[in-house]
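The structure appears below as structure tokens.
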Protein chains: 2
Amino acid sequence: MEEPHCKFETVLEILVGKWKPIVLFHLFSNGTMRFSELQKAIPDITKKMLTQQLRELEYHDIVHRKIYHQIPPKVEYSITEHGKGMSTVLQAMNDWGMSHLNHLNELYGEERSVESFEGRLDEVTGS
Amino acid sequence: MEEPHCKFETVLEILVGKWKPIVLFHLFSNGTMRFSELQKAIPDITKKMLTQQLRELEYHDIVHRKIYHQIPPKVEYSITEHGKGMSTVLQAMNDWGMSHLNHLNELYGEERSVESFEGRLDEVTGS
DNA sequence: CATATAGGTATCTTTTAGTATACTAGGTAT
DNA sequence: ATACCTAGTATACTAAAAGATACCTATATG
């Protein structure tokens, strides 16, 4: 009973954060990117958040940070070997996620989306 | 480029919430549980949070809510058929999560844990 | 008549996550 | 001398998530 050994929370911990999924998406897609390239690819992110999310991914050894000691600075980010091992999990999540979206569309209709989730909650609540 | 079609965020949306993993863990393990049984199984959760997390899972058709019209009330929660389809994803997350924890232990030593993650961030930051 | 019961809701406070904006370093181009 | 560049940091603020606590419902029991 004590501590549930169901540790999918570990994966959640890596992925949680408003910008982590999209940061990972770009790094997985493009291989290696500079800080400024990531910024351009994700226009609404602030430097602070981009730095923060990258640091957390770096802590988990998902992302590698390569510093070129130049002026002006150059820093490149890429997925580590360990991080690449995560891709099957992400793929599994992605695949099931897609089918889940279809399922939700069947339940609630095409017009709904993951984003417009708040408004629908009361429907289920008020029954 | 536009909208990344990498939709593992959908799965995140279902699972994110401080108590969702443990709620799911108990429901997957025990099959069917009353509200009060969940409360007992997760002592630190408040009624408010338990209700909220269950409602969100219900919205996503992961959890089913069966109401017995009695006084005092009786409500049973269980994993839906659709929800059961999620178990392979959760298993994949769980498995990779375990190996990731080992990896982190190799990197940072045995004493660290997922929980004591804050304190370690500066180590990676300050290099 | 007061109390307990189960499964909640309502309201308020605290904590955490995210945003906005200004500032920095150090070398190069004007 | 001044402005510009990149990859940040620092500080202050706002929004969202979670916690604490009180209350509600209708029946059955003492």
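Being a predicted model, the structure only gives us computed values, none of them experimental. Naming: A, B, ... by sequence-line order, numbering from 1 per chain.
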By the definition side chain to side chain donor-acceptor pair (under 3.5 Å), identify the one residue from R65(A), E58(A), E37(A) that meets it with Y77(A). R65(A)
Out of dG7(C), dT9(C), dA20(D), whichever nucleotide has its closest atom nearest the side chain of S36(B): dG7(C)
Check if the side chain of K47(A) and the base of dT9(D) share a donor-acceptor pair of N or O atoms closer than 3.5 Å. no
Kindly point out which of dG27(C), dG7(C), dA7(D) is positioned nearest to the side chain of I71(A)? dG27(C)
Using a distance-only test with no angle check, is there a side-chain donor-acceptor pair under 3.5 angstrom linking H100(B) and H82(A)? yes
At 4.0 Å (heavy atoms only), tell me whether M49(B) reaches a base, stays on the sugar-phosphate, or touches nothing. sugar-phosphate
Candidates dT19(C), dG26(C), dT9(C) - which lies nearest the side chain of T51(B): dT9(C)
Under 4.0 Å between a side-chain N or O of R34(A) and OP1 or OP2 of dA7(D)? yes
Of the candidates dA20(D), dG7(C), dG18(C), the side chain of K74(B) sits closest to dG7(C)
What nucleotide, of dT11(C), dT6(D), dT19(C), holds the atom closest to the side chain of K48(B)? dT11(C)
Assign Y77(A) to base, sugar-phosphate, or nothing according to its heavy-atom contacts below 4.0 angstrom with the strands shown. sugar-phosphate
Testing dG19(D), dA7(D), dG8(C) for proximity to the side chain of F35(B), the answer is dG8(C)
Nearest to side-chain heavy atoms of T46(B), which nucleotide of dG8(D), dT19(C), dA20(D): dA20(D)
Would you say Q91(A) and D95(A) are linked by a side-chain donor-acceptor pair, where the criterion is simply a distance under 3.5 Å? yes
